[in-house]
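In what follows, a structure is listed as structure tokens, so that the remarks can point back to it.
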Amino acid sequence: MKTFVNVEKVLQDYERLYRELSQERILPFSDLDSTRTVHIAVDMVNGFVKFGALSSQEVLSVNQPVADFASRCEDAGIANYALCDAHPDNCAEFLTYPVHCVAGTAESELTDELKQAANFRVFPKLSVNGWLEDDFRNSVIDKGFDTFILTGDCTDMCVLQLALSLKSGLNRIDRPNRVIVVRELVATCSLPSRLPDTAELSAFLIMQTNGIEVVTHIR
């Protein structure tokens, strides 16, 4: 019978992964082709950043840094996209998570800091996986983007699912691609029943295993 998990080995693996991720990995802006690159801010909306049942200090802490990064992207000629939770009343997701980011409310709006920092093309999303939104997916494909910089929240949920779906979706249509997650610009909330540090480390491990780049900074 297979052992469920070797706890000692898991702890060793996480320690090694932590040391690896703690080393600075800086990606220069000059390495990016601005005509083929897009920055995607995931769920940097009031309902996760500032108020509401799923808002948290962890996500608030990356709000201004993501806004500053979006401004630098705009200066470099890199497009800024935003995927924003905007749920209908009584949607199925509310059976799993508390009511949040209802469409048409302030919770579903980008934070003022992001709005003021850069011009974003905003795509509402109805689930944790933004790739499932036709308008977003079609825009990514039609624009010919092949390099994707992901920021936002939550690292182990919406960011992770988008990163994996971008990679597999573009591989499926035989489009070479580069999916990059900026470690200092993503966050995982510490709501009840969650283990944010473990969840985030696990997400980074899954990303790297699937060919997604995890970098510390882009400068």
Side-chain angles (χ1 to χ4, degrees), residues 21 24-46 48-50 58-86 108-125 129-131 133 135-155 157-167 169-170 175-188 200 203-204 207-208 211-219:
L21 289 170
E24 275 208 332
R25 300 179 185 178
I26 300 175
L27 176 64
F29 263 108
S30 58
D31 283 1
L32 302 170
D33 180 346
S34 62
T35 65
R36 303 175 67 85
T37 301
V38 61
H39 164 227
I40 306 169
V42 182
D43 278 335
M44 293 305 296
V45 295
N46 292 315
F48 290 110
V49 177
K50 296 187 175 180
E58 290 82 6
V59 180
L60 176 62
S61 72
V62 299
N63 181 49
Q64 189 60 56
V66 170
D68 293 341
F69 179 73
S71 179
R72 293 199 298 273
C73 284
E74 187 161 85
D75 290 343
I78 294 172
N80 284 296
Y81 279 13
L83 281 164
C84 301
D85 258 16
S108 67
E109 295 286 329
L110 274 178
T111 65
D112 287 342
E113 288 78 8
L114 266 70
K115 288 180 180 179
Q116 293 164 9
N119 292 310
F120 280 87
R121 183 170 178 184
V122 176
F123 297 88
K125 68 182 181 71
N129 192 343
W131 180 253
E133 302 301 331
D135 287 347
F136 170 76
R137 186 174 62 254
N138 291 338
S139 180
V140 162
I141 293 171
D142 293 346
K143 294 285 187 182
F145 296 127
D146 60 19
T147 302
F148 306 88
I149 303 168
L150 274 53
T151 65
D153 71 289
C154 283
T155 312
M157 296 172 65
C158 299
V159 174
L160 174 63
Q161 291 204 29
L162 176 62
L164 294 175
S165 295
L166 276 166
K167 177 63 69 174
L170 293 172
R175 178 179 292 179
N177 59 86
R178 188 179 186 187
V179 181
I180 303 162
V181 174
V182 186
R183 183 171 60 79
E184 67 171 4
L185 299 179
V186 293
T188 296
E200 189 157 71
F204 289 139
M207 290 176 193
Q208 292 187 150
I212 293 152
E213 299 174 51
V214 179
V215 303
T216 315
H217 317 284
I218 299 179
R219 292 177 177 165

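Computed from a prediction, not measured in an experiment: that's the story for all the values here.
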Distance from Lys125 atom NZ to Glu133 atom CD, nearest 0.5 Å? 8.0 Å
Quick check: do Leu185 and Ile149 have side-chain heavy atoms less than 4.5 Å from each other? no
Check: Val62 and Val186 side chains under 4.5 Å, non-hydrogen atoms: no
Which value, rounded to the nearest 0.5 Å, describes the distance between His39 atom NE2 and Ile78 atom CD1? 9.5 Å
Stepwise side chain to side chain contact (heavy atoms under 4.5 Å, CB included) test for Ile180 and Leu27: CA-CA 10 Å; Ile180 303 162; Leu27 176 64; 3.7 Å; yes
Quick one: closest heavy-atom pair of Thr37 and Phe145, and the distance? O-CE2, 3.7 Å
Looking only at non-hydrogen atoms, find the nearest pair between Ala70 and Ala118 and report the distance. O-CB, 3.7 Å
Given salt bridge (charged side-chain N to carboxylate O under 4.0 Å, His left out), test Lys50 with Glu109 step by step and report yes or no. CA-CA 11 Å; Lys50 296 187 175 180; Glu109 295 286 329; over 6 Å; no
Would you confirm whether Gln208, through its side chain, and Val214, through its main-chain N or O, come within 3.5 Å as a donor-acceptor pair? no
Heavy-atom pair with the smallest gap, counting every atom of Leu162 and Gly130: CD1-C, 4.5 Å
Could you grab the distance from atom CG of Asp153 to atom SG of Cys158, nearest 0.5 Å is fine? 7.0 Å
Let's go through Met207 and Val179 carefully: what are the C-alpha distance in whole Å and the side-chain angles of both, what is the deciding distance for side chain to side chain contact (heavy atoms under 4.5 Å, CB included) to 0.1 Å, and is it a yes or a no? CA-CA 9 Å; Met207 290 176 193; Val179 181; over 6 Å; no
Under the side chain to side chain contact (heavy atoms under 4.5 Å, CB included) criterion, do Phe120 and Met44 qualify, and how do the steps go? CA-CA 12 Å; Phe120 280 87; Met44 293 305 296; over 6 Å; no
If a pair satisfies salt bridge (charged side-chain N to carboxylate O under 4.0 Å, His left out) and one of its residues is in residues 26-39, list it, with sequence neighbours excluded. Arg36-Asp146
Search all heavy atoms of Phe136 against all heavy atoms of Ile40 and return the closest pair with its distance. CZ-CD1, 3.7 Å
Does Phe69 reach the side chain of Cys73, with side-chain heavy atoms less than 4.5 Å apart? yes
Rounded distance (nearest 0.5 Å) linking atom NZ of Lys115 with atom CG of Leu110: 6.5 Å
Closest approach of Glu74 and Ala117, non-hydrogen atoms and distance? OE1-O, 4.2 Å
Minimum side-chain heavy-atom gap His217-Val182 below 4.5 Å: no
Just by modelled atom types, is the Trp131 backbone N or O under 3.5 Å from a matching donor or acceptor in the Arg137 side chain? yes
Should Asn63 and Leu114 count as side-chain neighbours, where that means a heavy-atom distance under 4.5 Å? yes
Using 0.5 Å steps for rounding, measure from the OG atom of Ser30 to the CD1 atom of Ile218. 11.0 Å
When you look at Asp43 and Val59, which way does the side chain to side chain contact (heavy atoms under 4.5 Å, CB included) test go after all the steps? CA-CA 10 Å; Asp43 278 335; Val59 180; over 6 Å; no
All heavy atoms of Val122 vs all of Cys84, minimum pair found to be CG1-SG, 3.8 Å
Examine distances only and state if a side-chain atom of Arg178 and a backbone atom of Glu213 form a donor-acceptor pair shorter than 3.5 Å. no
Check whether any side-chain heavy atom of Pro65 lies under 4.5 Å from a side-chain heavy atom of Glu184, and answer yes or no. no
Nearest 0.5 Å, what's the OG1-NZ distance between Thr35 and Lys143? 12.0 Å
Answer yes or no: is there a side-chain heavy-atom contact under 4.5 Å between Val45 and Phe48? yes
Glu200-Thr155 side chain donor-acceptor pair, cut-off 3.5 Å: yes
